[in-house]
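Report on the following structure.
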Protein chains: 2
Amino acid sequence: MPIRASDAERIDNISFFSNAAAPTRERVLSGAFLQRFPANTTLLLEGDPVDFLYVLLEGSVELGAGWKSRDTTLAVLRPVSTFILAAVVLDADALMSAVTLEKSEILMIPGESLRSAMKQDSAFGFAISEELSGCYRGLVRAIKNQKLRDSTERLANYLLTQRVRQGETDTIVLPHEKRILASLLGMTPENLSRAFAKLHAQGVSVEGARVHIEKPAALERLARPSPLIDNHYAQSRNEFGKAFTERQRGTLDRS
Amino acid sequence: MPIRASDAERIDNISFFSNAAAPTRERVLSGAFLQRFPANTTLLLEGDPVDFLYVLLEGSVELGAGWKSRDTTLAVLRPVSTFILAAVVLDADALMSAVTLEKSEILMIPGESLRSAMKQDSAFGFAISEELSGCYRGLVRAIKNQKLRDSTERLANYLLTQRVRQGETDTIVLPHEKRILASLLGMTPENLSRAFAKLHAQGVSVEGARVHIEKPAALERLARPSPLIDNHYAQSRNEFGKAFTERQRGTLDRS
DNA sequence: CGGGAGGTTGACTCACGTCAAAGACTGTGG
DNA sequence: CCACAGTCTTTGACGTGAGTCAACCTCCCG
């Protein structure tokens, strides 16, 4: 059995497994296996057929895409997160590439096992639908963020989101390289530097990966975070949004 | 019974109903009702709780969102399409507003009926997962389109997609106002005009809603459509992408 | 025949990408 | 422990893409 006992509990944390009936769990995991990858390993290239559902248990993974010599980062995942679920459900080709950013530990579940389990256990199938819905809504937020805000506003909101996730501290630590953060926020590294410079007026100062937020209120006045775009409440899990935390409701932002 | 026989067949065309067991269909539709709306009717404001799954049977609907006095169009739907499915599955608030663009006919299915049917009929639940996956992948395409291409490239690819959908003709008809097309493509109306002007060099000429494509090859050389971004094969249904046509595979675009 | 909305055009401004160079950081091998 | 190479980051100068504002034009509807 390629799955160790120490991993079992982490697997329990995956939202859709905790709700599944024991025999379903059993069947899905029987064909699954755990794999370790070094940093900078390409797990999947966009356009590749997808045979497995991936579950990140340790490390971090970048989802990206390219076109005509341009490249962009669509998400950076941290444990515990699933990825390319939609492609697995449809048995289709990947629309995004996946690359490890650090040494990572990944559970790989054969697509066919997952699909047959969904068809057999409707509670499990419903849990997958919830997961998919959470991911979908995460993407809706991402598009709104991209189309409605300029780069400085995106950075400001990113910082506020990180602040919430890291416990309302006044000094946050950027979880990845600035180069990747820039790509995630849809700008160049040079422009990210300048965006940080602009936020100096709002009390933001940078020192390596450490970012000090002097005046959160001023930053918020500029950022205007909205519960309809920013998912502050998502655990540091899948950046695409999570079913669990979706029910939260904040105040409306628009006038 | 508020659902007419003439509508029954159109409802059959919804992907996830055609696969559902008869009793499931029965149960889901029993609480549903058909509603007609005039043009420019707001069906849903972002932030609103969502009580129904909407199915557009006739007319067209714009999904949009706003922030800080800016607004953007996320999709324009044509029959037969569902919308806000993800919010219904999670029983969460809407992240997008929905407004009719023309007089429309919409089937409204109580969220609770849908969720309980999913939990009871696993084949139905799976079909919903397929639908959600298709929508998810449509959004991934939309983000890639937005982050990887400039406005002229987006327009060029939009035109080529329309050309395929309208039957490879050399004169296509824009399906909505240019103002809305601009917002959908992520630019201002002024800029859309200029983007059309730029494409004159590729043999594109505009006359009202009619667009003539003189040299498709030249336009394609500029647009470089990719099966990983542009879903040429989607019926004129849900712009967010469709499960059915997802399996198609084209040639890779990148070098 | 007006009035109004949608569409186009031009001038201007600003946001953002590009290119180049210099500084900071990191990990490696001597 | 230090030297060094390579990568990441920052800064400046510059060009281009795209939003804004205003004027004008056209079409449609009353």
Side-chain angles (χ1 to χ4, degrees), chain A residues 38-40 62 66-73 76 99 101-103 145-158 173-201 204-211 222-223, chain B residues 38-40 62 66-73 76 99 101-103 145-158 173-201 204-211 222-223:
Chain A
N40 291 314
E62 175 192 23
W67 180 77
K68 253 200 197 182
S69 84
R70 260 164 282 183
D71 278 285
T72 194
T73 301
V76 177
V99 180
L101 291 178
E102 314 166 19
K103 199 165 77 133
N145 191 40
Q146 189 67 35
K147 289 182 77 174
L148 294 170
R149 310 216 259 227
D150 69 24
S151 60
T152 308
E153 291 167 335
R154 290 198 293 276
L155 174 59
N157 279 289
Y158 176 86
V173 178
L174 301 177
H176 8 269
E177 281 176 358
K178 296 210 184 82
R179 187 174 53 87
I180 291 185
L181 176 57
S183 179
L184 182 64
L185 294 177
M187 52 180 142
T188 58
E190 293 96 319
N191 239 318
L192 177 60
S193 275
R194 292 176 189 121
F196 269 121
K198 282 188 199 168
L199 293 182
H200 205 87
V204 173
S205 51
V206 189
E207 205 184 306
R210 206 173 313 290
V211 178
L222 181 270
Chain B
N40 291 315
E62 174 192 24
W67 181 76
K68 250 200 199 185
S69 85
R70 260 165 281 184
D71 277 285
T72 193
T73 301
V76 178
V99 181
L101 292 178
E102 314 166 19
K103 197 167 80 136
N145 191 40
Q146 189 67 35
K147 288 182 78 175
L148 293 170
R149 310 215 260 227
D150 67 24
S151 59
T152 309
E153 291 168 334
R154 290 198 295 274
L155 173 60
N157 279 290
Y158 176 87
V173 178
L174 300 178
H176 8 268
E177 283 176 356
K178 295 210 184 81
R179 189 173 53 86
I180 290 185
L181 176 56
S183 179
L184 183 63
L185 294 177
M187 51 182 144
T188 57
E190 294 96 320
N191 239 316
L192 177 60
S193 275
R194 292 174 189 124
F196 269 121
K198 284 187 198 170
L199 293 182
H200 206 84
V204 173
S205 51
V206 189
E207 206 183 305
R210 205 173 313 289
V211 178
L222 181 271

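Here the structure is a predicted model, which means the values were calculated and not measured. So that the names make sense, note that chain A is the first sequence line, chain B the second, and so on, each numbered from 1.
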B:Ser193 side chain near C:dG7 phosphate (N/O to OP1/OP2, under 4.0 Å): no
When you measure only distances, ignoring hydrogens and angles, does the side chain of B:Arg70 come within 3.5 Å of the base of D:dG19 through a donor and an acceptor? no
So do A:Val206 and A:Leu199 actually touch side chain to side chain, heavy atoms under 4.5 Å? no
To the nearest angstrom, the CD-P distance between A:Glu207 and C:dG23 comes to 19 Å
Is B:Lys198 close to B:Leu155 at the side-chain level, that is, under 4.5 Å between some pair of heavy atoms? no
Would a 4.5 Å heavy-atom cut-off, applied to side chains only, mark B:Val211 and B:Phe196 as touching? yes
Separation of B:Asn191 atom CG from C:dA11 atom P, in whole Å? 16 Å
Nearest non-hydrogen partners of B:Asp71 and B:Ser183, listed with the distance: O-OG, 4.3 Å
Would you name the heavy atoms of B:Asn145 and B:Arg149 that are closest together and state the gap between them? OD1-NE, 2.9 Å
Taking the side chain as C-beta and beyond, is there a heavy-atom pair between A:His176 and A:Glu62 under 4.5 Å? no
Report the nucleotide, chosen from C:dG7, C:dA11, C:dC16, that has the shortest atom-to-atom distance to any side-chain atom of B:Arg194. C:dA11
Please report, rounded to the nearest Å, how far the C1' atom of C:dT8 is from the NE2 atom of B:His200. 15 Å
Round to the nearest Å and state the distance from B:Leu148 atom CG to D:dG17 atom P. 17 Å
Which nucleotide in the set C:dT18, C:dC16, D:dT10 lies at the smallest distance from any side-chain heavy atom of A:Lys178? D:dT10
End-to-end axis angle, where each axis spans five pairs of the helix from C:dC1-D:dG30 to C:dG30-D:dC1, to 10°: 30°
Residues in residues 150-157 of chain A with a heavy atom under 4.0 Å of DNA chain C, by number, are A:Asp150, A:Ser151
In whole Å, what is the span from the CD atom of A:Glu177 to the P atom of D:dT10? 12 Å
To the nearest 0.5 Å, what is the distance between NZ on B:Lys103 and CG on B:Asn40? 14.0 Å
Atom-pair distance (CZ on A:Arg210; P on C:dC25), nearest Å: 12 Å
Atom-pair distance (CD on B:Glu190; P on C:dG6), nearest Å: 13 Å
Between atom CG of A:Leu184 and atom CD of A:Glu177, what is the distance when rounded to the nearest 0.5 Å? 13.0 Å
Rounding to a whole Å, what distance do you find between A:Met187:CE and C:dT18:C1'? 16 Å
Less than 4.5 Å apart, any side-chain heavy atom of A:Arg70 and any of B:Lys147? no
